[in-house]
Structures are given as structure tokens and as C-alpha cells.
Amino acid sequence: MRIYALCVYLFLYIPIGVIALFSFNAGRHATQLQGFSTKWYGKALSNPFVMDALETSLIVAFTSALCASIFGTMAAVALQGIKGPIRVAFDLLIYIAVMIPGIVIGISTLIGLVTVFDQLNPLIAAIWPEGFQPPKLRMGMGSLIAAHTMFLMALVIIIVRSRLAGMDRALTEASSDLYATPMATFRQVTLPVIFPAILAGFLLSFTFSFDDFIIAFFVAGSETTLPIYVFSSIRRGVTPEINAIGTMVMGVSLLMLITAQLLLQRGGKKSR
């Protein structure tokens, strides 16, 4: 089993290591190492199309992660007080949202948004004052943020609920015995305990949104995120610049994942 595990890890990480290695290639060919240079990183960071795509990805990832953390925490706290078949049904829906393939989420979200836009746009045009151009709902930044938020909420709910499940109920009971209101109990007792889980959920949500291509490909409209830009670029051929972009994205993602894991472990020790 150790040999099997080693082979699996090598199969997963050797291609990533090759991409990182060839991102420092001094030559123009992505598969021919012709010396060591960091010029492709400078070229990628000075490319206006890359920077525009990076800005879009950062805005979408931060906003989606923030909304998913807020709404996901609210849902997790609410579901913690539900018992019986209703809770089982909600648990099933949450785990289905995590397990369902991204392409299914992307296609269903696209169909749902297009259907809603087709119904609302004529209604908006009909009630809009004459002489003014009515706004038109379309795919773009808003649809990207909405689609990512709905998908990432399930992830935040699972993380926060795991922390709530390990929380000592005597703390909230003591707060109630001291005549604290439910909001005061949440603010002064529950929130400090689950905050590491909320922050970890935010970091993981940011990482997943920043790296997402499949869902964004269907609902981005005219917007271009960094994964979409990379996909469009490799259709013309892989260059060391693409390797440099991929390495930087991988580095940011690994940093976020490691930080989230450390927060979860630290919060788990505190709760015990």
C-alpha cells in the first residue's frame, strides 16, 4: 500500500513539478529547457490581458467567498438546531451540491439564469420610464458571483457545522442561564469558537472560486477570468508564460489551503 500511495502521489505531482520547472525556462519553447530565467514571470505580470483576467478572478473569488462565508455560517447555525427528517433532507442536499460534477452545475446554472433573464428583461422594459434605456440582465460578473456563491455555500456549511458539532453545549447553556439573548450568546460565545472554521471556509472558498474554470466557462458571459484566459491561450500552444501563470496560481492555492488547514487544526485544539 505504501508503494501504491507513492505511485499515486508521483502521478499527481510530477506533472505539476514539471510545469513549475519549465516556467523558469530561458527559451521560448515550453518543452525544451534552455537555461534558467524568470523573464516569463515578468512578461506574464506585464501582460494587460493577464492582469485584467487576474483582477476579474480576484473580485469574483473575494466576493463569492465573502458571501458564501456569511450565508453558509447563517445556514450552518440554523441547521444545527433542526432535528429529524428535515435535517436529513437538508444534509442530503448539501452533500449533493458538493459531490455533483461542476459541468452539471455550470449547465444548470446557465439554463436557469437564461430562463430568468428572458422573463425579467421584457418586464423591466415594460415598466421602465419612456425615454430612458432600460437595463438588461445578462451574463457577466453578477452571474459569476452568484453561481460561485451558491456552490461554495455548501462547502462552508460543512466546515462550520463540523466545528459546531464539536462545540461544548455547556457554554451556550451557561450563557442562557445568565439571561443572555440568543444574539448575545452567538456573538460572545458561539462566534469566537467557530471563527477559525469560518475563516478556513472563506480561504477554501476563495481558492475554489479563483481556480474554477468549468462553472465560470458557462456563466461568465463577456467576462474573462484567469482560468478562462489560460484555457484560451493554450489552444494556441503552451508557452513558458502559461507555465509561469500556472505556477503562480498553484502557489497561491497551496498557500490558501495550508493556511485553512492550520486554522482548522488550531481551532480544533482550542475547542477541546
Side-chain angles (χ1 to χ4, degrees), residues 1-25 29-33 36 40-41 57 61 65 68 72 76 88 91-107 148 151-166 196-197 199-218 225-228 230-231 233-235 237-240 242-272:
M1 292 302 297
R2 293 178 180 176
I3 297 175
Y4 173 75
L6 177 62
C7 292
V8 170
Y9 281 113
L10 290 176
F11 178 78
L12 290 175
Y13 289 106
I14 283 180
I16 298 176
V18 171
I19 290 177
L21 175 63
F22 280 91
S23 68
F24 296 99
N25 187 10
H29 299 285
T31 58
Q32 297 179 7
L33 192 60
F36 181 86
W40 295 108
Y41 287 88
S57 291
V88 174
D91 288 342
L92 181 62
L93 293 174
I94 291 170
Y95 283 105
I96 287 177
V98 175
M99 297 171 59
I100 196 169
I103 189 171
V104 176
I105 297 177
I107 294 175
H148 282 185
F151 165 69
L152 297 172
M153 271 185 60
L155 178 65
V156 175
I157 291 173
I158 293 173
I159 295 175
V160 175
R161 282 189 61 187
S162 65
R163 179 54 46 81
L164 286 170
L199 186 56
F202 172 84
L203 294 176
L204 289 174
S205 299
F206 183 93
T207 302
F208 287 176
S209 177
F210 186 77
D211 294 343
D212 175 69
F213 166 75
I214 298 178
I215 298 176
F217 181 79
F218 286 98
T225 62
L226 192 59
I228 293 177
V230 172
F231 174 76
S233 299
I234 63 176
R235 297 174 67 180
V238 180
T239 64
I242 299 300
N243 291 337
I245 296 172
T247 303
M248 288 188 287
V249 171
M250 179 187 64
V252 173
S253 301
L254 288 177
L255 179 62
M256 292 286 188
L257 291 173
I258 293 172
T259 304
Q261 184 63 30
L262 291 175
L263 287 171
L264 288 174
Q265 292 179 354
R266 182 180 178 183
K269 292 179 180 178
K270 286 185 176 181
S271 63
R272 290 193 294 269

From Leu255 atom CG to Leu203 atom CG, the distance as rounded to the nearest 0.5 Å | 9.0 Å
Side-chain touch Phe208/Leu155, heavy atoms, less than 4.5 angstrom = yes
Looking at Ala20 and Ser23, what are the two nearest heavy atoms and their distance?
-> O-OG, 2.5 Å
Rounded to the nearest 0.5 angstrom, the CD1-CD1 distance for Ile228 and Ile214 is 11.5 Å
Calculate, to the nearest 0.5 Å, the distance between atoms CE and CG belonging to Met248 and Leu226 respectively.
-> 8.0 Å
Check whether any side-chain heavy atom of Ile94 sits under 4.5 Å from a side-chain heavy atom of Met153, and report yes or no.
-> no
What residues form a side chain to side chain contact (heavy atoms under 4.5 Å, CB included) with Phe11, not counting sequence neighbours?
-> none
Reference residue Pro227; test side chain to side chain contact (heavy atoms under 4.5 Å, CB included); the match among Phe217, Phe210, Phe213 = Phe213
Please report the shortest heavy-atom distance between Thr225 and Ala216, naming the atom on each side.
-> OG1-CB, 4.3 Å
Gap separating the CG atom of Leu21 from the CD1 atom of Ile16, nearest 0.5 angstrom | 13.5 Å
Tell me, do Val98 and Phe151 make a side-chain contact under 4.5 Å, heavy atoms counted?
-> no
Do other residues, nucleotides or ligands put more than 12 heavy atoms under 6.0 Å from Ile103 CD1?
-> no
When rounded to the nearest 0.5 Å, the distance separating SG of Cys7 from CG of Leu12 is 11.0 Å
Grab the two heavy atoms, one from Gly102 and one from Ile215, that are nearest each other, plus how far apart they are.
-> O-CG1, 3.7 Å
Distance (rounded to the nearest 0.5 Å) between Ile105 CD1 and His148 NE2 | 9.5 Å
Check the surroundings of atom CD1 in Ile3: do more than 12 heavy atoms from other residues, nucleotides or ligands lie under 6.0 Å from it?
-> no
Side-chain touch Leu204/Met256, heavy atoms, less than 4.5 angstrom = no
Flag the pair Phe206 / Leu152 as yes when at least one side-chain heavy-atom distance between them is below 4.5 Å, and no otherwise.
-> no
What do the steps show when you test Arg161 against Asp91 for side-chain contact (heavy atoms from CB on, under 4.5 Å), and what is the final call?
-> CA-CA 11 Å; Arg161 282 189 61 187; Asp91 288 342; 2.3 Å; yes
Compare all side-chain heavy atoms of Tyr41 with those of Phe24 and state whether any distance is below 4.5 angstrom.
-> yes
Within the side chain of Ser209, is there an N or O that forms a donor-acceptor pair under 3.5 Å with the backbone of Ser205?
-> no
Taking all non-hydrogen atoms of both residues into account, name the closest pair between Leu164 and Ala76 and its distance.
-> CD1-O, 3.8 Å
